[in-house]
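Take a look at the structure set out below.
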Amino acid sequence: MTVANLLADIDAAADAGTAAVLSGYFQVKPGGYGEGDLLIGVKLSTLRGIVKPYQRAELPLPDLEEALHSPVHEHRLAVLCLLADRADRALKPRTADPADLAAIFDLYLRNTEHVNNWDLVDCSAPQIVGGHLLDRPGDVLHTLIRSPLIWDRRIALVATHRFIRAGDSTDIYALAPQVLDDPEDLIHKAAGWMLREAGKRVSPDELLAWLDQYAVQMPRTMLRYAIEQFPPETRKHYLALRKVTAGEGRS
C-alpha cells in the first residue's frame, strides 16, 4: 500500500453531483472561506471506508506530507484522517510511540495552510495537536490563536477538545477571551462549541462563572453554542444579559 494507491482510490470514487453539493457546503465560491478549493465529490462516509485499509500501513510521513499539499480537498482530508488515527494510536499504552506523535505534530504545524477548512481542522486538531500537548505546556496554542490565518485560530480552539475530554478546561477558558472580537463566524462557533464541551464534560459551574464574566462581550453565535446544554431559563438569562448590556435590547 502506498499514498499514491490511496489517492487513486479516492479519485476512483469521485462523483460530480456530490462535488457540486459539497462545493456549496464548504463555501468554495469567491469570497467564501473555502474559496479556490477543489472538491471531487467523495462523501466523508465513503472516504473513511477507503482510508480504513491504509490505517495500519504506516505510510511514510514524507509521502503523506506531499499528499497534504494536493489541491483536492478529499486527498487532504484522507491524509489528515490517517494522521489523526496514527496520533491516537501513538498515545495508547500498547502502541505508544512518542517520537512518531512528535513527528506528526511537527508535520501538521508546518502545513496548517493546507488544513484549510473546518472539517479538515476538526478531524485532526484534537488528536494531533491536543494529543501531543496533553502532557506539555500549551504555549503553541496561544501563538496559533493570534495568527492571521483563520485555520490556525480554529486549530488552537478545537485542539482543546482533547484536554477537555481528559478533564482539563484550563486552555479553552484562556483562549476564548482572545477571540471575542474575531471577525470570523467559524471561530465563534469553534469557541462556543469548546466552551459547551467544557461545561458538559468538566464543570457546568465553571462555565457559568466564565459566562458571568464574558457573556456580555461574546458574539451571539459563540454565546448560543456555549449555553446550548443549559435549561431554557439559564439560556434566556444570558441572552437577555448580553442584549441589554451590549445595547441590542432596550435603550
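What you see is a predicted model; the values in this text were computed from it and never measured. Side-chain atoms are counted along with the backbone in the values below, which use heavy atoms only and exclude waters and symmetry mates.
One distance of note links SG of C81 with CD1 of I50; it measures 11.0 Å at 0.5 Å rounding. How far CG of L157 is from CG of D182: 8.5 Å, rounded to the nearest 0.5 Å. The distance from atom CG of L223 to atom CG of L239, rounded to the nearest 0.5 Å, is 5.0 Å. To the nearest 0.5 Å, the span separating CG on L82 from OH on Y54 amounts to 9.5 Å. Taking CE from M194 and OH from Y225, the interatomic distance works out to 11.0 Å, rounded to the nearest 0.5 Å. Once rounded to the nearest 0.5 Å, the distance linking CZ of R146 with CG of L175 reads 9.5 Å.
Follow the hydrophobic side-chain contacts under 4.5 Å out from L91 and you never reach L133; the two are in separate clusters. Linking Ile, Leu, Val, Met, Phe, Trp and Tyr whenever their side-chain heavy atoms come within less than 4.5 Å puts F105 and L59 in one cluster. With hydrophobic clusters built from ILVMFWY side chains whose heavy atoms lie under 4.5 angstrom apart, L134 does not share a cluster with L101. Hydrophobic clustering keeps V21 apart from L77 (ILVMFWY residues linked when any side-chain heavy atoms are closer than 4.5 Å, directly or through intermediates).
In summary, the side chains of D168 and T170 do present a donor paired with an acceptor at a separation below 3.5 Å, with no hydrogens or angles considered. A donor and an acceptor atom, one from each side chain of N117 and R76, are nowhere located under 3.5 Å apart. Looking at D106 and H132, their side chains never bring a donor and an acceptor atom within 3.5 Å of each other. Side-chain atoms of S70 and H75 form a donor-acceptor pair, as typed in the model, at a separation below 3.5 Å. Under 3.5 Å, the side chains of N116 and H73 contain no donor-acceptor pair of N or O atoms. Residues T160 and D171 have side chains that never bring a donor and an acceptor to within less than 3.5 angstrom of each other.
For the pair Q229/L207, a side-chain contact is recorded, criterion being any heavy-atom separation below 4.5 Å from C-beta on. When side chains are defined from C-beta on, V42 does not count as touching T18, because their heavy atoms never get closer than 4.5 Å. Y238 has its side chain within reach of D212: a pair of non-hydrogen atoms, C-beta onward, lies under 4.5 Å apart. Between I40 and D15 the shortest side-chain heavy-atom distance does not fall below 4.5 Å. Within the 4.5 Å cutoff, side-chain heavy atoms of F230 are placed close to those of L211. W210 is listed as a side-chain neighbour of P177, based on a closest heavy-atom distance under 4.5 Å. Side-chain contact check for L144 versus L109: some heavy-atom pair is nearer than 4.5 Å. Using a 4.5 Å heavy-atom cutoff, the side chains of E184 and R153 are in contact.
A search for side chain to side chain contact (heavy atoms under 4.5 Å, CB included) contacts involving A67 returns V3, L7, V79, not counting sequence neighbours. Residues satisfying the side chain to side chain contact (heavy atoms under 4.5 Å, CB included) test with D122, not counting sequence neighbours, are W118, R154, V158, W193. Partners of T2 under the side chain to side chain contact (heavy atoms under 4.5 Å, CB included) rule, at least two apart in sequence or in another chain, are A4, N5.
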Between D100 and L61, does a side chain to side chain contact (heavy atoms under 4.5 Å, CB included) hold up when you go through it step by step?
CA-CA 9 Å; D100 197 46; L61 290 180; 4.0 Å; yes
Please lay out, stage by stage, how L44 and D119 fare under the test side chain to side chain contact (heavy atoms under 4.5 Å, CB included).
CA-CA 10 Å; L44 180 58; D119 61 326; over 6 Å; no
Evaluate side chain to side chain contact (heavy atoms under 4.5 Å, CB included) for W151 paired with V115, printing each intermediate quantity in order.
CA-CA 7 Å; W151 309 118; V115 189; 5.5 Å; no
Just do the side chain to side chain contact (heavy atoms under 4.5 Å, CB included) check on R224 and R235 with the steps written out, would you?
CA-CA 8 Å; R224 284 191 173 277; R235 298 198 303 270; over 6 Å; no
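Heavy-atom minimum distance, Y108 versus I128: CD1-CD1, 3.6 Å. Smallest separation of non-hydrogen atoms from A198 and Y173: CB-OH, 3.7 Å. Nearest heavy-atom pair, A156 versus L141, reported as atom, atom and distance to 0.1 Å: CB-O, 3.5 Å. Considering all non-hydrogen atoms of both residues, L68 and H114 come closest at O-CB, 3.3 Å. Considering every non-hydrogen atom in both C123 and R48, the closest pair reads CB-NH2, 4.4 Å. Of all heavy-atom pairs between A226 and M218, the closest is CB-CE, 4.1 Å.
A salt bridge between R89 and D85 is present, with a side-chain N of the basic residue lying under 4.0 Å from a carboxylate O of the acidic one. Between E197 and R165 there is no salt bridge, since no side-chain N of the basic residue sits under 4.0 Å from a carboxylate O of the acidic one. Salt-bridge formation is not detected for the pair K236/E233: no Lys NZ or Arg NE/NH1/NH2 atom is positioned less than 4.0 Å from an Asp or Glu carboxylate oxygen. D185 has a carboxylate O that lies under 4.0 Å from a charged side-chain N of K189, or vice versa, which qualifies the two as a salt bridge.
In this structure, the side chain of Q178 engages the main chain of A174 through a donor-acceptor pair within 3.5 Å. A donor-acceptor distance shorter than 3.5 angstrom exists from the side chain of E74 to the backbone of G41, with no hydrogens or angles considered.
More than 12 heavy atoms of other residues, nucleotides or ligands lie within 6.0 Å of CD in E228, so this atom counts as buried by the packing criterion.
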